[in-house]
Colleague: 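Mind looking over this structure? Questions follow.
From a predicted model like this one, the values you see are computed outputs, not experimental measurements.
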Amino acid sequence: MAGGEGGESEWAKALQDARGEEPGSFEKEMKMRGLMGKKGVVDPKLSQNANLIKWLEEKGEVYLSDSSTWGTAPHPMAISVETVDETTNETTGRGLLARRNINDGDELLQIPMRLCLTLESARTALGKDVITNGMNEYLAIATQLIHETYVLGEKSFWKPYIDVLPTVEEVNPTFTWPDEDLDFLKGSPVVPATKSLQIKLRKEYDALLGGEGGLCERFPDRFPREAFSYENWVWAFTMLFSRAIRLRNLEDGEALALVPYADLINHSPFSGAYVDAREVGDWLFKDGTEEVILYADRSYRKMEQIYISYGPKSNADLLLLYGFALERNPFNSVDVTVSIAPRTKDMVDSIDNPDVEIDPLAEEKIEFLDRVGRENTVDFPCYADRYPIEMLEYLRLMQMTPEDTRGRPLRDFDFSRTISAANEAAVLSSIIDAITRQLGKYPNSEDDDAMIIQDKGLFRLLNINQRNAVRHRRNEKRLLKRTVAALQKQMRTRGLMEDDLQRAGGSTLGQALPGDDRMYGEGKPRTALEDRLAKMGLPVDIR
């Protein structure tokens, strides 16, 4: 047979894939392309990569060979010491590249669970008396990571893995930024989220380790203060927030884990590949152990960077926890504060304005919010082309008038549906007002940011944090403007721009409550971003 599926050319291709290339040839090609460090400079990352691979092969029996054996093709990936964001040209650290052509559905890696850092490994390493079974996974793994790195050091079982972990400066999540860099994000919802996370990390550290009654005080020999410093705590959480993987298909449920080698893979919002776990063995024979696995979600050409998805994360999530933001992110959103003040008798009396009338439904609205667990001031994520139904439900309730209810109680209404034309006009206008107020918080315009970015000489004078901040704030403004334009178009299309539509009372304050503690501390309402962090299992609440 000549050509076609099953023909001689297909057999030749399959044979070539199985045979692989001469060992070391791919690394030579990577070196020629500058993916193994600068020419003429001995990069320590190369020896660290080699030690990691040797450790994985010896301690985990992980097959990472660049040569084939009978019936086994060469491992499909190789570590690059440096990758680059194709849009911004910023460096993105280590990554994994396709060593050969990869097909959709190919198995890319298998890592035994015994090589992973988990709550269980922390309990084994540090003792069940201090790492209890119900302890937050992030706190437990962070404590073990500090122990392995700064107490055991060279003696740690995980040393080859720890050696490839980046520094805080190489990751640069916003909760590690100095104030002068955070100033470049002024007006962005990322700033209060960052301040809040900084406060919470400090409180968690004091409660568990460094404060009165903490592990450093109770067990000074096991938890020396010089090793378990706050600086090392921040480093450990930088590693966890940017690298930990939630494995959802373990036999005993799900677990958070630091997975060596797998955590070198970078994020793409367009990838459909997720790292997960399975029991070792085939459908007939299982040995009771578990491993982390990854399959390709698409085909890759040789030398292409492999990507996975970290989940549907906005740029605010990515910048806060991972230290980068994406120019093209279909999941990008900006949190907008919507606050409606129910015009109760006490509220109207306090403002002493004869033009403001009491809302007959004010007390019923407050009671309804209490029943469903909502507050008067709520953060919602706004997307370029949509906004959450929860925002519409909240505003439809708060903009109800007696004319809308026609004598029926509020609990009888389905707020996921339009109540009336007047109510919907008030709702959409409220969203526009809230977004406009959010845009007003930025000290400069989108055009100002674009000019800074376009002036390449000036832009390169800024450090990496500041460059990321300028890009991020510009993209936030761009998204919010598109949302306003979409809302206005929707109102025109639906005939909701008429001046004679009866608008409900209330105001969209769109501002944070006053005082640092109310903005960043325990007393403030939880933001939309913090709600997303809570769903990830992060210790965002101080208990």
Colleague: Does the side chain of Ser314 come under 3.5 Å of the side chain of Asn332 through a donor N or O and an acceptor N or O?
Modeller: no
Colleague: Got a donor-acceptor contact below 3.5 angstrom from the Lys477 side chain to the Asp449 backbone?
Modeller: no
Colleague: Output the distance between atom CD1 (Ile452) and atom CG (Leu462), rounded to the nearest 0.5 Å.
Modeller: 7.0 Å
Colleague: Are the aromatic rings of Tyr322 and Tyr310 close, with centres under 6.0 Å apart?
Modeller: yes
Colleague: Students often mix this up, so state it plainly: with edges at 30° and 60°, are the rings of Phe237 and Tyr138 parallel, tilted or perpendicular?
Modeller: parallel
Colleague: Just so I know, are the side chains of Thr91 and Thr83 near enough to count as touching, which here means a heavy-atom distance under 4.5 Å?
Modeller: no
Colleague: Drop me the distance from Asn133's CG to Lys128's NZ, to the nearest 0.5 angstrom.
Modeller: 8.5 Å
Colleague: Verify whether one side chain among Ser445 and Asp448 offers a donor that lies under 3.5 Å from an acceptor in the other.
Modeller: yes
Colleague: Tell me, yes or no, whether the heavy-atom count around Arg411 atom CZ, taken from other residues, nucleotides or ligands under 6.0 Å, exceeds 12.
Modeller: no
Colleague: Rounded to the nearest 0.5 Å, how far does CH2 of Trp235 lie from OG1 of Thr167?
Modeller: 10.0 Å
Colleague: Can you tell me if NZ on Lys59 sees more than 12 non-hydrogen neighbours from other groups inside 6.0 Å?
Modeller: no
Colleague: Return all side-chain donor-acceptor pairs below 3.5 angstrom for residues 149-162, not counting sequence neighbours, or 'none' if the list is empty.
Modeller:
residue	atom	partner	partner atom	Å
Thr149	OG1	Leu145	O	2.7
Ser156	OG	Glu148	OE1	2.6
Ser156	OG	Trp158	N	3.1
Trp158	NE1	Leu115	O	2.8
Lys159	NZ	Asp163	OD1	3.1
Lys159	NZ	Asp163	OD2	2.6
Tyr161	OH	Asp263	OD2	2.5

Colleague: Side-chain contact, heavy-atom cut-off 4.5 Å: Arg437 with Val338?
Modeller: no
Colleague: Take the angle between the ring planes of Tyr205 and Tyr230 and call it parallel below 30°, perpendicular above 60°, tilted in between.
Modeller: perpendicular
Colleague: Taking atom CD of Glu231 as the centre, does the number of heavy atoms from other residues, nucleotides or ligands within less than 6.0 Å exceed 12?
Modeller: no
Colleague: Is the shortest heavy-atom distance from the side chain of Ser121 to the side chain of Gln144 under 4.5 Å?
Modeller: yes
Colleague: Shortest non-hydrogen contact from Ala384 to Leu479?
Modeller: N-CG, 3.7 Å
Colleague: Rounded to the nearest 0.5 Å, how far apart are CD of Glu204 and CD1 of Ile199?
Modeller: 13.0 Å
Colleague: State whether the number of non-hydrogen atoms from other residues, nucleotides or ligands found under 6.0 Å of Arg460 atom CZ is greater than 12.
Modeller: yes
Colleague: State whether the side chain of Trp233 and the backbone N or O of Leu201 hold a donor-acceptor pair below 3.5 Å, judged by distance alone.
Modeller: yes
Colleague: Enter the distance from Met398:CE to Leu410:CG here, rounded to the nearest 0.5 Å.
Modeller: 10.0 Å
Colleague: Are Arg94 and Asn49 close enough that a side-chain donor and a side-chain acceptor fall under 3.5 Å?
Modeller: yes
Colleague: State, with a plain yes or no, whether a side-chain heavy atom of Thr87 is found less than 4.5 Å away from one of Leu326.
Modeller: no
Colleague: Answer yes if the side chains of Gln466 and Arg471 hold a donor-acceptor pair under 3.5 Å, and no otherwise.
Modeller: no
Colleague: Taking C-beta and beyond as the side chain, do Ile265 and Leu294 meet within less than 4.5 Å on heavy atoms?
Modeller: yes
Colleague: Could you grab the distance from atom OH of Tyr383 to atom OG1 of Thr483, nearest 0.5 Å is fine?
Modeller: 11.0 Å
Colleague: Of the options Glu476, Arg474, Arg473, Lys186, which is the one that meets Tyr442 in a side-chain hydrogen bond (donor to acceptor under 3.5 Å, both in side chains)?
Modeller: Glu476
Colleague: List the steps and the verdict of side chain to side chain donor-acceptor pair (under 3.5 Å) for Glu363 and Thr344.
Modeller: CA-CA 7 Å; Glu363 297 295 343; Thr344 62; 4.8 Å; no
Colleague: Does any non-hydrogen side-chain atom of Pro112 lie less than 4.5 Å from one of Glu61?
Modeller: no
Colleague: Measure the acute angle between the ring planes of Phe368 and Phe415, then classify it against the limits of 30° and 60° as parallel, tilted or perpendicular.
Modeller: perpendicular
Colleague: Do the non-hydrogen side-chain atoms of Thr238 and Arg243 ever get within less than 4.5 Å of each other?
Modeller: no
